[in-house]
Amino acid sequence: MRRRTFLTGLGALGTMSLVGCGSKDEHGYVADPGSLQVYSAQHENLTKAWAEAFTAATGVKVQIRKGSDASMGHQIVAEGSESPADVFLTENSPAMTLVEQNKLLAPLEEATRRQVPANLTPSSKAWTSIAARSTVLVYNPSKLPEADLPKSLMDLAGPEWKDRWACAPGGADFQAIVAGMLAAQGDQQTTEWLSGLKSNARALQNNIATMKSVNAGEIPCGVIYHYYWYRDQAGTKEGSGNTALHYFRNRDPGAFVSLSGGAVLAGSKKPAEARKFLAYITSKAGQKVLVDSQSMEYAVGTGVPSASALPPLNTLQAPPVDPFALNSDKVTTLMTDAGIL
């Protein structure tokens, strides 16, 4: 398997400008000094919707630099206090923790933090969640009857599951799930589970490939995040029509809820505007933009219901994992030692 890690390399970075900008460098990006700079690893359609709504509400122009959690986290660390970034948005929280540990985040305003329930923010209080996604098992009932579903994500390490499940271990999404397992279950159980993954699972490119493989009957089940399935179900169902979802619940590692993060950079050249942006996207208006974007991620703002198709976030019985405790470096070490990365 080609070696891939969660937070290595700067990767490909791009730019999406909602308002004019200067000439581009060889990477296609140069900061427009007249615009708020948002470094975003979140989904492009959602980030763009947030930026457009924020500009309409405040008149503040926004320029988005897009990339993956891995590339964005390391890009900001490499740029340090000279980074053009004003705001950082992630898909999963470990990339945010990396930047936080390098002391590159500005203090989070109390009023912004109060817009999100306390159980959806890190104990460090240095950043806030902006969206959430749940771990699920997608399965093909014709290949795996409901009665035979695993009771726990940990069961998939057993020999009876050899060649019967798939995942995308090279991606930040899956590695965040493993980070949650490590925080909740500890080194030994996580190491043993990864050994079972190496023996049993089919490694695929991403969540969508995993879902489609299950849908085609190529493998009975796979571990993904929930929103890929709900998006496909809301459309043609081409990639999910033959499948169903299983929620592990019961504080199982398979019920892990990953938080997307948002923060203001300590070196921001536009700190007031950056704080306004973060306050906006976690507000009721900003969280409604998330819901209306059809991203099918969970809204995290207090008093804002998520898409009606989703089981309520507070019914998922996720394990109580502090996002600040998620250790991406240790996860990549364990997965590399297991021969997965």
The test is ring pair (Phe, Tyr, Trp, His ring centres under 6.0 Å); show your working for F88 and Y39 and say whether it passes.
CA-CA 5 Å; F88 183 33; Y39 276 33; 7.5 Å; no

Say whether Q115 and T282, considering side chains only, have a donor N or O and an acceptor N or O under 3.5 Å apart.
yes

Within residues 119-131 or reaching into it, pairs that qualify as side chain to side chain donor-acceptor pair (under 3.5 Å) - sequence neighbours excluded
E100-S124, E100-W127, S123-D322

Keeping to residues at least two apart or across chains, list the ring pair (Phe, Tyr, Trp, His ring centres under 6.0 Å) pairs with something in residues 169-201.
W165-W193

To the nearest 0.5 Å, what is the distance between NZ (K61) and CD (Q37)?
10.5 Å

Would you tell me whether T243 and N140 have side-chain atoms, one donor and one acceptor, within less than 3.5 Å of each other?
no

Which atoms form the tightest heavy-atom contact between L326 and A179, and what is the distance?
CD2-O, 3.5 Å

I want to check something: taking the side chain as every heavy atom from C-beta on, are D232 and M211 in contact at a cut-off of under 4.5 Å?
yes

Taking all heavy atoms of I130 and all of V300, pick out the closest pair and write down the distance.
C-CG2, 3.5 Å

Donor-acceptor pairs under 3.5 Å, side chain of residues 212-224 to any protein atom, not counting sequence neighbours: which ones?
from	atom 1	to	atom 2	distance (Å)
S213	OG	E218	OE1	3.0
N215	OD1	G241	N	3.0
N215	OD1	N242	N	2.6
N215	ND2	E238	O	3.1

Please confirm whether the backbone N or O of K269 pairs with a side-chain atom of D86, one donor and one acceptor, at under 3.5 Å?
yes

Are side-chain N/O atoms of D173 and N207 paired as donor and acceptor at under 3.5 Å?
yes

Should the pair K276-E273 be classified as a salt bridge under the 4.0 Å nitrogen-to-oxygen rule?
no

Listed partners of E297 passing side-chain hydrogen bond (donor to acceptor under 3.5 Å, both in side chains), at least two apart:
Q42, R133

Let me confirm one number: the CG-NE2 distance from L98 to H74, rounded to the nearest 0.5 Å.
5.5 Å

If we count only N and O atoms by modelled type, under 3.5 Å, do the side chains of S258 and N92 hold a donor and an acceptor together?
yes

Less than 4.5 Å apart, side chain to side chain, heavy atoms only: is that true for V87 and L265?
no

Regarding D252 and K151, does a basic nitrogen lie under 4.0 Å from an acidic carboxylate oxygen?
no

Is the H226-Y247 ring centre distance short of 6.0 angstrom?
no

Would a 4.5 Å heavy-atom cut-off, applied to side chains only, mark L46 and S293 as touching?
yes

With no hydrogens and no angle check, just 3.5 Å: does a side-chain donor-acceptor pair link T333 and T336?
no

Evaluate M154 against E192 for side chain to side chain contact (heavy atoms under 4.5 Å, CB included), listing each step before the verdict.
CA-CA 9 Å; M154 307 303 286; E192 291 173 356; over 6 Å; no

Can you list everything that forms a ring pair (Phe, Tyr, Trp, His ring centres under 6.0 Å) with Y228? Sequence neighbours excluded, please.
none

Does atom CD (E146) have a neighbourhood of more than 12 heavy atoms from anything else shown, all under 6.0 Å?
no

Using the ring pair (Phe, Tyr, Trp, His ring centres under 6.0 Å) criterion, which residues pair with F248? Sequence neighbours excluded.
H246

Hey, is the main chain of V257 close enough, under 3.5 Å, to the side chain of S134 for a donor-acceptor pair?
no

Would you give the length of the straight line joining atom CD of E109 to atom CZ of R114, rounded to the nearest 0.5 angstrom?
10.0 Å

Quick one: do E79 and R65 make a salt bridge, cutoff under 4.0 Å?
yes

Distance-only donor-acceptor check, side chains Q185 and T190, under 3.5 Å
no

Considering non-hydrogen atoms only, spot the tightest contact between A51 and F277 and give its length.
CA-CE1, 4.2 Å

Would you mind telling me which of K48, K66, E91 makes a side-chain hydrogen bond (donor to acceptor under 3.5 Å, both in side chains) with H43?
E91

